[in-house]
Amino acid sequence: MGEHVNNDAVRLRSVTRRHGSGGASVTALDQVSLTFPRGTFTAVMGPSGSGKSTLLQCAAGLDRPTSGSVTLGDTELTGLSETELTLLRRARVGFVFQAFNLLPALTAEQNVALPLRLAGRRPKKARVRAVLEEVGLADRARHRPTELSGGQQQRVALARALITRPEVLFGDEPTGALDSRTGRAVLALLRGMVDRDGRTVVMVTHDPVAASCADRVVFLVDGRVSGELIGASAGDIAARMTDLEAAPC
Ligand code: ADP
Ligand code: MG
């Protein structure tokens, strides 16, 4: 018989994440089961407070489910110690945030090299340059974040997330702070990473146009998966979002 091949980059099984306890407790995620197949681009959408960030953080090993399990490749995260989880995140997961989170005192190339330094590895100059080139910023290597535009800062953050060749790249509203033109450049980079390099990308977004760059859109409502669309247009996605948002009056 053929060898077992796990084609899922990430698998969540009945993941529940509760904050607080008793009457004051909030269920951010309620028995969510999802898989993110390798080489695919998934967008996660849903109203504010629906659990999108919690989903990403649990999937990336930045937060721990109250119950259920998360598997990265063939590694079950549930049983890992804090140290093991930290090492796993550094080596196998990339994360970009809306606010870029670059270190202001470091140049672009120093920011990009940081994950390798934190892992105790000596960054190769050629590797750092190659990743900066991949995001179109080879000529900005010596610039500090304040000397870069928002779009350029997010591309440095992407290069930093890619330097370790992660199995999955997570983005929590990575284009949320960018104007639509620079946002589109970042989306094109993400799409290219999936199409050309076979990477796996999972991105939270509020923007139906951004979500239409993904292969699949997963919708969350009140911490539960309420449905998904595959290969949908921005118009279809916007219509679904309108249905999900509760009417204010
Ligand atoms: P989204 O990203 O979709 O806006 P979040 O995942 O940030 O939603 O939050 C989901 C729910 O969990 C919200 O009701 C939020 O208030 C709650 N929540 C998130 N983090 C915490 C926390 N650390 N303590 C208490 N409640 C939290
Ligand atoms: Mg959020």
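Note that ligands are numbered from 1 as they come in the structure, with each ligand's atoms numbered from 1 the same way.
- Two residues are said to be in side-chain contact when any heavy atoms from C-beta on lie closer than 4.5 Å; V96 and F170 fail this criterion.
- For CZ of R117, the number of neighbouring non-hydrogen atoms (other residues, nucleotides, ligands) closer than 6.0 Å is 12 at most.
- Under 3.5 Å, the side chains of T75 and R92 contain a donor-acceptor pair of N or O atoms.
- Side chains of D215 and T40: a donor-acceptor N/O pair is absent below 3.5 angstrom, by distance only.
- With a cut-off of 2.8 Å, the protein N/O/S atoms near the Mg ion (ligand 2) add up to 1.
- In terms of modelled atom types and a separation under 3.5 Å, the side chain of D179 and the main chain of T182 share a donor-acceptor contact.
- Both tests pass for R240 against the ring of F219: distance under 6.0 Å to the centre and angle within 45° of the axis.
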Might you work through the side chain to side chain donor-acceptor pair (under 3.5 Å) test for T71 and R13, ending with a clear yes or no?
CA-CA 8 Å; T71 315; R13 289 187 188 84; 3.2 Å; yes

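- Judged purely by atom type and a 3.5 angstrom limit, R127 uses its side chain to pair as donor or acceptor with the backbone of I163.
- A heavy-atom cutoff of 4.0 Å around ligand 1 is satisfied by the protein residues H19, V26, A28, P47, S48, G49, S50, G51, K52, S53, T54.
- Shown here for V93 and A60, the closest heavy-atom pair between the two residues is CG1-CB, 3.9 Å.
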